[in-house]
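The structure under discussion appears below in the form of structure tokens.
The sequence lines fix the lettering, A, B, ..., with proteins before strands; numbering per chain opens at 1. Nothing here was measured: the structure is a model prediction, and the numbers come from that model.
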Amino acid sequence: MGAKASIAKTLAANPGFSGKRREAPRARPADLLAVDLLAWYDRHRRNLPWRAPRGERADPYRVWLSEIMLQQTTVATVGPYFKRFLARYPNLRSLAEAPLDDVLAAWAGLGYYSRARNLHACARAVVERHGGNFPRSEAELASLPGIGPYTAAAIACIAFNEKTVPVDGNVERVLARLHRVAHELPRAKPELRELARELAEDVGIASRFGDFAQALMDLGATICRPRQPRCMICPWQAACLAKAQGDQESFPKKSAKREGNLRRGAAFVVSRRDGAVLVRKRQEKGLLGGMVEVPGSEWSADFNEAAALAFAPRVRGESGLAWRRLQGEVGHVFTHFPLELIVFVASIGLGARAPRGCRFLAPAEIARAAVPTLMIKVLAHAGVLPRRAL
DNA sequence: TATACGTGGCG
DNA sequence: TCGCCAAGTAT
């Protein structure tokens, strides 16, 4: 199916869409749309840390690392993490040989920690299965840990110039507006993927698949933004069906997602006289998997504050800790639920021994350990830390 | 197909 | 202040 046919299908799926609108948008052949975008990209190309100099092929290791970091994460947030990570692990082999805990520590604060665990597993898999070189086909890439359909396509076209278009949130938004896609996400995903596949065909004459993918994502990030899109300077403004209708901000349509219930719990900060804090490691899988935390209760909607001290850690060599409940709470919002933690603090002497499964972490070590932002907030609330040092 | 999975920025 | 959103994947 050609691009024109899909436009007709889009129009057919929009009963309220006036037939008069068919003529104004998309006055030019589809291949020129791709050419227009590449020309725009050549003029407005952003210099990002993982991007190769113009005309040069990007390093697959850097492309992969950046794409994993950029999953659900903004360019501004990723920048500093990417540079630090690359300085510490300059190539695939150095990453594959590193202990997982060190990798988690380098990832601390970025969120979605399964990405770091899969990153590490992927590095080892590429060394074992591919001799240390990333495969170039989308299918082989997608079989690696942490690499799904989007990332496989992104690496394939950006690092190897394979003929494919990765479809991320940016591309979905651009295409949903360009074609005024009526269906809601995520149901519209197959339709949007098909539109993206047609675009890959359009790029054929230029054979710059990596540039085209990055151009499309840049267009979504800087021009076709979720709110207040800058249509007046968009290279595709003349072809955009939503722009013609004036309702571009209402695309893509999305199904309403329900919000999670508030969960509450208690955290216990034990400070040793030399400043060290009692911590433990969370289980490998699930929320904040493998990350460092202070001891605490379960987090639940029906948390009973009066019984909170039952969860307090018992420190060997101490006859009983004098717990002090700090005023206020530590609030944190996860993707699927908000959390409020009350914090208890206690001080102990140098002779104390950590309970089974726990250890004491010196202040200087906290910055180098795998401590998630939630726990940074708890430690800051307890007065143990000023804030994360970037 | 739906849900779990972090965090920070912005209007 | 608060809801939305950002270059998704695994199960």
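- Contact annotation: Y113(A) side-chain N/O to dT7(B) OP1/OP2 distance is under 4.0 Å.
- Remark: the Y150(A) side chain and the dG8(C) base include no donor-acceptor N/O pair separated by less than 3.5 Å.
- Side-chain N or O atoms of R280(A) include none that pairs as donor or acceptor with a backbone N or O of R356(A) at under 3.5 Å.
- Under 4.0 Å is where a charged nitrogen must lie from a carboxylate oxygen, and between R177(A) and E249(A) no such pair does.
- When each of V345(A), L379(A), V270(A) is paired with V277(A), the side chain to side chain contact (heavy atoms under 4.5 Å, CB included) condition holds for L379(A) and for no other.
- The existence of a salt bridge linking K254(A) and E184(A) is excluded, since no basic side-chain nitrogen approaches an acidic carboxylate oxygen closer than 4.0 Å.
- Taking atom CE of residue M69(A) and atom P of nucleotide dT7(B), one finds them 15 Å apart after rounding to whole Å.
- Nearest nucleotide to the side chain of T151(A), out of dC5(B), dG8(B), dG8(C): dG8(C).
- Judged by distance alone, the side chain of W236(A) and the main-chain N or O of L33(A) form a donor-acceptor pair under 3.5 Å.
- Whole-Å rounding puts the R115(A) CZ to dT9(C) P distance at 11 Å.
- Remark: T73(A) is not in phosphate contact with dT7(B), judged by side-chain N or O atoms under 4.0 Å from OP1 or OP2.
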Atom pairs, N/O to N/O, protein against nucleotides 1-3 of chain C, distance under 3.5 Å?
none

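- Residues from residues 326-336 of chain A that place a heavy atom under 4.0 Å from any atom of DNA chain B, listed by number: H332(A), V333(A), F334(A), T335(A), H336(A).
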